[in-house]
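Below you'll find the structure, written out as structure tokens, and then a few comments.
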Amino acid sequence: MKLIFEKSIKGRGTEYVPRFDYIGLNIISSEMKREKAPGFPEIAETDLLRHYTELIKRTYGVNSGFYPLGSCTMKYNPRINEEVSSLKGFTNIHPLQPIETAEGCRHVLKLAEKYLCEITGMDKMTFQPSAGAQGEFTGLLLIRAYHKSRNDIARTKILIPDSAHGTNPASAAMAGFQVVNIPSREDGCIDLERLKELAGEDTAGLMLTNPNTLGIFEKDIMEITRVIHQSGGLVYYDGANLNAIMGQIRPGDMGFDVIHLNLHKTFSTPHGGGGPGSGPVGCKEFLAEFLPMSNYFTSSEDSQYEFPRVNVGQKSIGKVKAFHGNFLVVVRALTYIMTLGKEGISEASEMAVLNSTYLKTRLSEDYDIANTGNTMHEFVITMEEVKKKYGVSALDVAKRLLDYGIYPPTMYFPMIVKEALMVEPTETESLETLNKVVDIFKSIFDEIINNPEKLKNAPVTTPVGRLDEVMAARIPKLKYEKEIIIN
Ligand SMILES: *Cc1c(COP(=O)(O)O)cnc(C)c1O
């Protein structure tokens, strides 16, 4: 397939917008004017549409089919969210416009804060962070600010289990902490004895991904938060995968002090293409004074809707993002929560766990499941034994799945499982789809035993075959390099 630049024909399709000279080029000073034309492709509207339709056909998304990317919650995003978030009152606003002209938007933020605090058991929330990882970073800064405010400055360590999401240790390091690894037991849960040994006067806190990356709910959770609190540390809940527990149990009630959510996973904003996302951070009241600062929308005293989390105090950690983060993602999340209602929210998590458990049970007829305990919204297959026996790896299975028309699971993560395939079917898949997926996995297992070469060469039906992943990572070609000559 040709690039759109290669389809460009000089002078074609250039009449969509008025020429520059009509709108007065001389208002731009000469040092700001570009010397060369920007090199936009010139193409007729029909060809433009066909080009992008062709690209759509070549990509794969949640709307194309099953997408079990573990930990990423690639579920169906209801269209009504898009409808509401494209209302002009939400899209045609400016963060600096007079406060009394944006009451509706403030209401959205306030209501979203109320519902999400209710769901998580927290007291206050900021919507500034624009991703889960940035939420983690923000939450850890709250923990740091808290200890500093008490002059408790020897607390430099954050404890993180080896079953945590990969962003957890990275965020802790970014926030200036030293990361201390807690090993998992055979059953995939935290080694409580080791935790007790490690928690002490230098512990700033514990970061817990729950359910962890094996899909397992930490069963000693109350004891875990108690041990950390007793040592003087705080407990952080990575709530990116809240669709496993929402409406069933609340991190705030389990003793957690801070949480981040991924609105672009659990609360149904399309994601995977690099954003925009939203990773709001909720906390208990005693941490609220440290929340990020939002120093606009603060002046009006007679406003009907008080702005959530206006924090102009000296103790705030400052801003982590301009204004209020990605507002339209919050609109989508609020729409989702309000259309589902209280019953719908808990039904969604029940379905997430039921779908995952069903798929795990059926796949375990052929495949080995790592740490076979009670898993929640996801589970991890290990191809270690199969690889030893038949020479077929997790990568080979993932590539072969593409030939059968479904997206592969997350591969080689979590790192505590060898030859891992991490499967998260999500709550929006039907029984028929899950059964079809079971058939596909069974056919592939058949091939593993009888025709392993088929897996080694996969994929063969996709527009691009198996890539040299090392070369792609080491010498990536990310730019169209041919000289573009226009005019
Ligand atoms: C996705 C995820 C994150 C990171 O979220 P981003 O929005 O990708 O930064 C953190 N923790 C868990 C458990 C996740 O699944």
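Each residue takes its place number in the sequence, starting with 1. These numbers were taken from a predicted model, which means no experiment stands behind them. Both ligands and their constituent atoms are indexed starting at 1 by order of listing.
Summary of contacts: the protein heavy atom closest to atom 11 (N) of ligand 1 is Asp238 OD2, 2.6 Å. Counting protein heavy atoms only, atom 6 (P) of ligand 1 is closest to Gly132 N, 3.4 Å.
Within the 4.0 Å heavy-atom criterion, the part of Asn262 lying near ligand 1 is the side chain and not the backbone. With a heavy-atom cut-off of 4.0 Å, Ala131 touches ligand 1 through backbone and side chain alike. At a heavy-atom distance under 4.0 Å, only side-chain atoms of Asn241, from C-beta outward, approach ligand 1. Contacts between Lys265 and ligand 1 below 4.0 angstrom, taking non-hydrogen atoms only, involve the side chain exclusively. Counting heavy atoms closer than 4.0 Å to ligand 1, residue Gln134 contributes nothing at all.
Of all atoms in ligand 1, numbered sequentially from 1 with element shown, those under 4.0 Å from a heavy atom of Thr209 are 13 (C). The contact set between ligand 1 and Ser71, taken as ligand atoms under 4.0 Å from a residue heavy atom, comprises 14 (C), 15 (O). Heavy-atom proximity to Glu136, at under 4.0 Å, picks out these atoms of ligand 1: 10 (C), 11 (N). Near Ala133, meaning under 4.0 Å from any of its heavy atoms, are these atoms of ligand 1: 4 (C), 5 (O), 6 (P), 9 (O).
Between Arg194 and Asp191, no side-chain nitrogen of the basic residue sits less than 4.0 Å from a carboxylate oxygen of the acidic one, so the salt-bridge criterion is not met. A salt bridge links Lys157 with Asp202: the closest approach of a Lys/Arg side-chain nitrogen to an acidic carboxylate oxygen falls below 4.0 angstrom. The pair Arg155-Asp152 meets the salt-bridge criterion, since a charged nitrogen lies less than 4.0 angstrom from a carboxylate oxygen.
Among the atoms of His264, some N or O lies under 3.5 angstrom from an N or O of ligand 1.
Side chain of Asn241 to main chain of Ser71: a donor-acceptor pair is present (N/O by atom type, distance under 3.5 Å, no hydrogens or angles). Side-chain atoms of Ser430 come within 3.5 Å of backbone N or O of Thr433 as a donor-acceptor pair.
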Practice problem: In sequence, state the C-alpha distance, the side-chain angles, and the governing distance for Gln248 and Ser346, and then conclude on side-chain hydrogen bond (donor to acceptor under 3.5 Å, both in side chains). | Solution: CA-CA 6 Å; Gln248 312 294 336; Ser346 43; 4.8 Å; no

Quiz item: Under the side-chain hydrogen bond (donor to acceptor under 3.5 Å, both in side chains) criterion, do Lys360 and Thr375 qualify, and how do the steps go?
Solution: CA-CA 9 Å; Lys360 180 183 79 169; Thr375 48; 2.9 Å; yes

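The side-chain hydrogen bond (donor to acceptor under 3.5 Å, both in side chains) test with Glu218 is passed by exactly one of Asn212, Asn210, Thr225: Asn212.
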